[in-house]
Amino acid sequence: KKCPLKCLHCLEWDRLDGSDTLSVDDLKSIIDKFQHYGVSQIQLSGGDPMARFEDLLTLVKYTHKSTDTWLLTSGFNLTPGKARQLKKAGLTGVRISIDHWDSSSHNEFRGNPRAFGWAVEAAENCRKAGLATGLAICVMKEYLSDQFLSDYLEFARSIRTSFIFLLEPRETGHFKDSDVKLPAESLKSLENFYLR
């Protein structure tokens, strides 16, 4: 439940209070259950898991190597040394949230003037550590042009990430009671972008 950002689209906004309710032992128990059921991939999210780095490292080491383990992060606190530690512990890859290729627009969306710098540096640090590295973007209605999506794709290529994960905004957290849901034709345009 910890995170240094105040993201406009945060699904967890109502639960971000700085005090975590799940201990490392609780999380290990959840991992055990998932692995018993045969889950092949576990994604560690938050808040931002990098705000609990030692706990994150413990959980990555604990997860059986037959399971791909992914970190979903804003890039906060993801230094070169921490990226190497996560790789050595067995982390498969990292999905870093960058919601706009323009630094000031991303920082405004994330509610922190350092968010863009953290994210871009984290992508480089993870790539150099040998972690699979991709970006996640919350696709707002105003981003639904071929030009914006092409510019974002070029940005992703420029920082040498391997994939882009497209997220739909949801009417929850900061977006509660907001008209952010993407219409069906917009989803179709995103599908076409993916196929191209």
Side-chain angles (χ1 to χ4, degrees), residues 1-99 110-112 114-115 117-138 161-163 165 167-176:
K1 293 186 178 183
K2 294 181 173 79
C3 186
L5 303 177
K6 294 176 175 61
C7 305
L8 290 180
H9 70 311
C10 183
L11 298 175
E12 299 295 330
W13 182 252
D14 296 333
R15 292 172 288 282
L16 289 179
D17 64 4
S19 60
D20 287 301
T21 54
L22 294 174
S23 68
V24 172
D25 287 338
D26 293 332
L27 294 166
K28 284 181 176 179
S29 177
I30 292 168
I31 289 171
D32 286 340
K33 288 178 184 176
F34 285 160
Q35 292 192 304
H36 175 75
Y37 296 143
V39 169
S40 61
Q41 184 179 106
I42 294 176
Q43 298 182 10
L44 301 165
S45 186
D48 196 313
M50 289 301 295
R52 288 178 67 179
F53 180 72
E54 292 304 322
D55 293 344
L56 170 64
L57 201 56
T58 298
L59 295 172
V60 172
K61 288 176 184 176
Y62 182 77
T63 303
H64 192 275
K65 300 310 169 218
S66 64
T67 303
D68 286 346
T69 309
W70 285 80
L71 168 63
L72 281 55
T73 180
S74 65
F76 165 73
N77 202 24
L78 221 169
T79 64
K82 288 180 179 177
R84 287 190 300 272
Q85 287 180 67
L86 288 165
K87 174 66 175 178
K88 185 177 178 185
L91 190 72
T92 305
V94 179
R95 198 170 80 207
I96 300 166
S97 296
I98 299 184
D99 296 295
R110 292 276 161 175
N112 189 305
R114 297 179 1 190
W118 287 339
V120 171
E121 286 177 26
E124 181 178 358
N125 296 340
C126 291
R127 189 177 45 74
K128 285 182 176 177
L131 292 162
T133 306
L135 301 183
I137 177 175
C138 183
T161 55
S162 299
F163 63 90
F165 193 86
L167 297 165
E168 296 177 57
R170 298 285 186 212
E171 295 174 1
T172 187
H174 274 168
F175 281 163
K176 189 175 183 178

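We number each residue from 1, following the sequence as shown. Predicted, not measured: the structure shown is a model, and the values here were computed from it.
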Show which side-chain atoms of residues 36-47 pair as donor or acceptor with protein atoms under 3.5 Å away, not counting sequence neighbours.
from: Q41; atom 1: OE1; to: Q43; atom 2: NE2; distance (Å): 2.7

All side-chain contact (heavy atoms from CB on, under 4.5 Å) counterparts of [X], not counting sequence neighbours:
| X | value |
| --- | --- |
| T21 | K1 |
| T58 | V24, K28 |
| A89 | L57, V60, K61 |
| A51 | K2, F76 |

First locate atom [atom1] of [X], then atom [atom2] of [Y], and finally report the distance between them rounded to the nearest 0.5 Å.
| X | Y | atom1 | atom2 | answer |
| --- | --- | --- | --- | --- |
| T63 | I31 | OG1 | CD1 | 3.5 Å |
| T161 | I96 | OG1 | CD1 | 8.5 Å |
| R95 | T73 | CZ | OG1 | 11.0 Å |
| D25 | I30 | CG | CD1 | 11.0 Å |
| I98 | C138 | CD1 | SG | 14.0 Å |

Set of salt bridge (Lys or Arg N to Asp or Glu O under 4.0 Å) partners for [X], sequence neighbours left out:
| X | result |
| --- | --- |
| R84 | none |
| E171 | none |
| D55 | R52 |

Please enumerate all residues that pass side chain to side chain donor-acceptor pair (under 3.5 Å) together with K82, with sequence neighbours excluded.
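K82 satisfies side chain to side chain donor-acceptor pair (under 3.5 Å) with N77 only.
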Results of side chain to side chain donor-acceptor pair (under 3.5 Å) for S74 - residues two or more places apart only:
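S74: side chain to side chain donor-acceptor pair (under 3.5 Å) contacts with D48.
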Only counting residues at least two apart or in another chain, list the ones meeting ring pair (Phe, Tyr, Trp, His ring centres under 6.0 Å) with F53.
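With sequence neighbours excluded, F53 shows a ring pair (Phe, Tyr, Trp, His ring centres under 6.0 Å) to no residue whatsoever.
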side-chain hydrogen bond (donor to acceptor under 3.5 Å, both in side chains) evaluation trace for D26 with S29
CA-CA 5 Å; D26 293 332; S29 177; over 6 Å; no
Using a 3.5 Å cut-off and no angle test, enumerate the donor-acceptor pairs between side-chain atoms of residues 117-127 and protein atoms at least two apart in sequence or in another chain.
from: E124; atom 1: OE2; to: K128; atom 2: NZ; distance (Å): 2.7
from: N125; atom 1: ND2; to: L78; atom 2: O; distance (Å): 2.8
from: N125; atom 1: ND2; to: E121; atom 2: O; distance (Å): 3.2

Determine whether a donor-acceptor pair (N or O, by modelled atom type, separation under 3.5 Å) exists between the side chain of T92 and the backbone of T69.
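Answer holds: yes.
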Keeping K87 on the side-chain end and G130 on the backbone end, is there a donor-acceptor pair under 3.5 Å?
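Yes: the side chain of K87 pairs with the backbone of G130.
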Could you tell me whether K65 atom NZ has more than 12 heavy atoms of other residues or ligands within 6.0 Å of it?
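Yes, enclosed.
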Which atom of V94 lies closest to which atom of L91, heavy atoms considered
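Nearest heavy atoms, V94 then L91: CG2-CD2, 3.7 Å.
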Smallest separation among heavy atoms of A115 and L5, with atom names
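Scanning both residues completely, I find the closest heavy atoms to be CB-CD2, 4.2 Å.
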For F175 and H9, take the angle between the two ring planes, folded into 0 to 90°, and tell me which bin it lands in: parallel under 30, tilted 30 to 60, perpendicular over 60.
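Rings of F175 and H9: tilted, as their planes differ by 30° to 60°.
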Are side-chain heavy atoms of M50 and L86 found at a separation under 4.5 Å?
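Yes. Closest side-chain heavy atoms under 4.5 Å.
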